[in-house]
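Before any comments, here is the structure.
Here the structure is a predicted model, which is why all the values come from computation and not from measurement.
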Amino acid sequence: MFEKIKPLYLFIILGIVSFGIYANSLQNEFVFDDESVVVNNTSIQSLSNIPKYFTADEGFHKVIGRYYRPVVSTTYAIDYAIWGLKPFGFHLTNILIHLISSLLLFALLKFMFKNYKFGLTGAFIGSLLFAVHPIHTEAVAWVSGRTDSLVTLFFFASFLFYIKYSDDLKSQKNLNWALAFYALGLLSKEMIITMPVFILLYDFIFKKESKDFFKKNIRAYLLFAGVTVLYLIIRYLVLKDIPEREKYLYFYGIDGITALGTMLKTIPVYLKLLFVPFNLLYHYNGVISDAKSLFDAVVLLSALFVIAGIAVPLLIRKDFPVFAFAILFFFISLLPVMNIIPTMNLMAERFLYLSSFALSVAIAGIVIYLKSENGARNYSLVVIIILLIFSFLTFQRNKDWVSEEILFATGEGVDGTVLLVNSGNQYANSQKYDIAKEKYLRAIGIRDNNVLAHHNLGQIYILQNVLDSAEIHISRGIAIDSLAPDGYFQLSNLYQMMGRNEDAIPLLEKLQQIIPDYRGSLAVLNSLKSGETNELGLIPNSPAGNDLAVLQKRSYQLFQSGKFELAIKDLEKLVEIDPLSASGYLNNMAMCYIELKDFKKAEDKLNESIGLDAGNVNALSGLADVYLKTGRKKEAIEAYRKILAVNPKDENAMFKLDSLNK
């Protein structure tokens, strides 16, 4: 059907489709993990940090998990250098990565099927399917999903150069490029580590090479294995001193049999998502129930499915090598995310970005096995209809990722640990605290090691004045993750509300060790140590009075529950009735605007605060933070110098200055 069209035109069409199908994601905001990976990740705000990603002085392990992905971090730093914190630029990069991946896939499939009559048609249809498949929205429309699209780009590039080398073992240049792109892939995400297996599958399943070929090509296999071993050694050396936050691992505290059975249940779900990409979810933790035993009906059926997935390719490899290769690729590509090495996720749609290569190969394979032009044309028309349906689904799914409020609503009605917590947060923000509490309790029922569920439930109990339950859950959150700052901050404020200042002090001291002056906590700590009462933490040294106390407490509670606009209104009233403390209230308004990501208003309020009290260290620190978030390093340095002029012993300012001057 497409054999008479110049390949260049097909590349152009594919590029337009790949970009166009995700163009509406350019309006999307930063959502979900983007907050920690991009927005609050100050390391990406300087290109001078790029070498530090490779030595692990900076990188993913500091924001989201014990990962070594310096190339991905580098792309975020480059994005920030060009766009600042404008989501548009980050989403544009994601789309371009997807576009390049789609073009590389077409070149790859075109080469794989070059000797077949309808090879070009098969390659083009398979690539179009990849370009518009709805399962890829998480990897493309979500900025933090970039890890999977980028590693797949490097896989396609490496595999393309390898199969060219495999056709001509004298083409050392192709082998060198294949190894280089493989190395870049390893430095982007661990999932590509099965690459050495894939090249063996290609040579001996797809191409049906003899044992003699293995001997001739042993050097290439050893080089790929060598790159893998070298990567593992480097990864171990740079991460060996970084603690594994084991309690965040999905199967923490759960026996291996249960983990094995549960992971077996995910494999048919992955296959279903490839062929029937409906009812997509942005997170799957807790969605699939834990296996009670290996003899559960669903586990047994899943195990039989896997066995068939291995046996069938071996049986058909001689007559249908393309399908044998595709099936084996699907199963083997998922091995790195099967929790053989424990991870924080049960499963994710973005993991299929690489694995969907198997579907593209299979779809192309059907075309090349057709004998007549009419058969190829009719099949192509059927696939094009499916492509149109998929395109519509992808375009619509992109809209779900536009904001957190919309994204989190898509998981409503589905029980999963993360889905329930995020849904609970939405209800809490709407002051529907009983519904929020029920959501958090259900999340804890699925997995007790849910830090956010415990912390947020504790906040609900504070708002409902059930302080003993609040203490239990916030303390449980700290026990799960002793490095998460929010727990210490929340519990110290709770103790102050309970009049237990002596218990709040060690928590605030520990907090300074984790993140110095987290949310203005250093001033609160100093206030408590000096013997001053400080019921509300965020507003030190305020005069007494019933109306004043009510507004102070309510503004604090509104801030803690994420109702920042309402907190601002209370703080504005406080400025009117207590003008002597206006500097502190203005600082707290700025904190609200920072949470709302309205950095201009935050800056204005902080400057007002400093205008009223030039020695307000909290306001100066907040101003420096705003400068860093908006890429104004020189102004941030000047703000920290002003802090040291007020308090030469301010450790946080000294630390920040030292870091910024490097």
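Of the possible donor and acceptor atoms, none in the side chain of Lys189 sits under 3.5 Å from a partner among the backbone N and O of Leu150. The closest donor-acceptor contact from the side chain of Asn49 to the backbone of Ser43 lies under 3.5 Å. Between the side chain of Asn429 and the main chain of Asn425, a donor-acceptor pair closer than 3.5 Å is present. Of the possible polar contacts, none joining the Tyr250 side chain to the Met347 backbone as a donor-acceptor pair under 3.5 Å is found. Checking side-chain atoms of Asp34 against main-chain N and O of Val38 turns up no donor-acceptor pair under 3.5 Å. The main-chain N or O of Ile50 is never found under 3.5 Å from a side-chain atom of Glu58 such that the two would form a donor-acceptor pair. Using a distance-only test at 3.5 Å, with no hydrogens or angles considered, no donor-acceptor pair links the side chain of Ser158 to the main chain of Phe155. At distances below 3.5 Å, at least one donor-acceptor pair connects side-chain atoms of Thr394 with backbone N or O atoms of Val132. Of the possible donor and acceptor atoms, one in the side chain of Asn285 sits under 3.5 Å from a partner among the backbone N and O of Leu346. Remark: the backbone N or O of Gly631 is paired with a side-chain donor or acceptor of Tyr80 at under 3.5 angstrom.
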Leu105 vs Ser102, side-chain contact (heavy atoms from CB on, under 4.5 Å): CA-CA, chis, key distance, verdict: CA-CA 5 Å; Leu105 174 60; Ser102 300; 5.6 Å; no
Audit row: Leu264, Leu300, side-chain contact (heavy atoms from CB on, under 4.5 Å) steps and yes/no: CA-CA 9 Å; Leu264 282 172; Leu300 285 173; over 6 Å; no
Audit row: Ser149, Asn94, side chain to side chain donor-acceptor pair (under 3.5 Å) steps and yes/no: CA-CA 8 Å; Ser149 57; Asn94 272 30; 5.4 Å; no
Side chain to side chain donor-acceptor pair (under 3.5 Å) between Asn398 and Tyr22, worked out: CA-CA 7 Å; Asn398 291 339; Tyr22 284 100; 5.1 Å; no
side-chain contact (heavy atoms from CB on, under 4.5 Å) assessment of Ser423 paired with Glu412: CA-CA 7 Å; Ser423 177; Glu412 190 66 32; 2.7 Å; yes
Check against side-chain contact (heavy atoms from CB on, under 4.5 Å), Leu223 and Val227: CA-CA 6 Å; Leu223 284 171; Val227 170; 5.6 Å; no
Salt bridge (charged side-chain N to carboxylate O under 4.0 Å, His left out) between Glu246 and Arg66, intermediate numbers included: CA-CA 10 Å; Glu246 292 182 349; Arg66 196 168 178 264; over 6 Å; no
Test log, rule side chain to side chain donor-acceptor pair (under 3.5 Å), inputs Asn422 and His283: CA-CA 10 Å; Asn422 289 335; His283 213 285; over 6 Å; no
Worked check of side chain to side chain donor-acceptor pair (under 3.5 Å) between Thr93 and Asp79: CA-CA 8 Å; Thr93 299; Asp79 274 347; 2.6 Å; yes
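Between Arg442 and Asp415 there is a salt bridge, since a side-chain N of the basic residue sits under 4.0 Å from a carboxylate O of the acidic one. Salt-bridge annotation for Lys597 and Glu29: absent, with no side-chain N of the basic residue lying under 4.0 Å from a carboxylate O of the acidic one. In summary, Lys52 and Asp57 do not engage in a salt bridge, as defined by a charged side-chain N under 4.0 Å from a carboxylate O. Using a 4.0 Å cut-off between charged side-chain N and carboxylate O, Arg397 and Glu138 make no salt bridge.
Between Tyr68 and Phe54, the ring center distance fails the sub-6.0 Å criterion. No close placement of the Phe90 and Trp83 rings is indicated, their centers lying 6.0 Å or farther apart. Here the two rings, on Tyr427 and Tyr440, have centers that are 6.0 Å apart or farther.
From Ile389, atom CD1 reaches atom CD1 of Ile384 across 12.5 Å, with rounding to the nearest 0.5 Å. Once rounded to the nearest 0.5 Å, the distance linking CD1 of Ile163 with CG of Leu108 reads 4.5 Å. Note that CG of Leu85 and CD of Gln45 are 6.0 Å apart. Values are rounded to the nearest 0.5 Å. Rounded to the nearest 0.5 angstrom, Leu335 CG and Ile341 CD1 are separated by 11.0 Å. Here the straight-line distance linking atom CG of Asp448 with atom CD1 of Ile446 works out to 12.0 Å at 0.5 Å rounding. Atom CD1 of residue Ile21 and atom NE2 of residue His136 lie 12.5 Å apart, to the nearest 0.5 angstrom.
Aromatic ring pairs are classed by plane angle as parallel below 30°, tilted from 30° to 60° and perpendicular above 60°; the pair Tyr162 and Phe159 is parallel. Classified by interplanar angle (parallel below 30°, tilted 30° to 60°, perpendicular above 60°), the ring pair Phe60/Tyr67 is perpendicular.
Between Val143 and Phe30 the shortest side-chain heavy-atom distance falls below 4.5 Å. At least one side-chain heavy atom of His133 sits less than 4.5 Å from a side-chain heavy atom of Leu274. For the pair His98/Phe19, no side-chain contact is recorded, criterion being any heavy-atom separation below 4.5 Å from C-beta on. Between Phe331 and Ile267 the shortest side-chain heavy-atom distance falls below 4.5 Å. At a threshold of 4.5 Å between non-hydrogen side-chain atoms, the residues Val299 and Ser302 do not count as touching. Side-chain contact between Asn41 and Tyr76: absent, with no pair of heavy atoms (C-beta onward) separated by less than 4.5 Å. For the pair Trp401 and Thr137, the minimum side-chain heavy-atom distance is below 4.5 Å. Looking only at side-chain heavy atoms (C-beta outward), Met112 and Phe325 come within less than 4.5 Å of each other.
Atom CD of Glu405 sits in a sparse spot, with 12 or fewer heavy atoms from other residues, nucleotides or ligands closer than 6.0 Å. Few gaps surround NZ on Lys272; more than 12 heavy atoms of other groups in view lie less than 6.0 Å from it. Heavy-atom neighbours of Lys265 NZ from other residues, nucleotides or ligands within 6.0 Å: above the threshold of 12. Within 6.0 Å of CZ in Phe392 there are 12 or fewer heavy atoms belonging to other residues, nucleotides or ligands.
Side chains of Asp255 and Thr258: a donor-acceptor N/O pair is present below 3.5 angstrom, by distance only. Side-chain polar atoms of Tyr282 and Glu349 form no donor-acceptor pair below 3.5 angstrom. Under the 3.5 Å distance criterion, with hydrogens and angles disregarded, no donor-acceptor pair is assigned to the side chains of Asn28 and Lys399. Side chains of Thr343 and Asn339: a donor-acceptor N/O pair is present below 3.5 angstrom, by distance only.
Residues Leu103 and Gly15 approach most closely at CD2-N, 3.9 Å, considering heavy atoms. Nearest heavy atom pair, residue Trp142 against residue Val31, reads NE1-O, 3.1 Å. Minimum heavy-atom separation, Met338 to Leu334: CG-O, 3.2 Å. Closest non-hydrogen pair, Ser333 versus Pro336, comes out as O-CD, 3.3 Å.
None of Phe130, Phe106, Tyr353 except one satisfies the ring pair (Phe, Tyr, Trp, His ring centres under 6.0 Å) rule with Phe156; the exception is Phe130.
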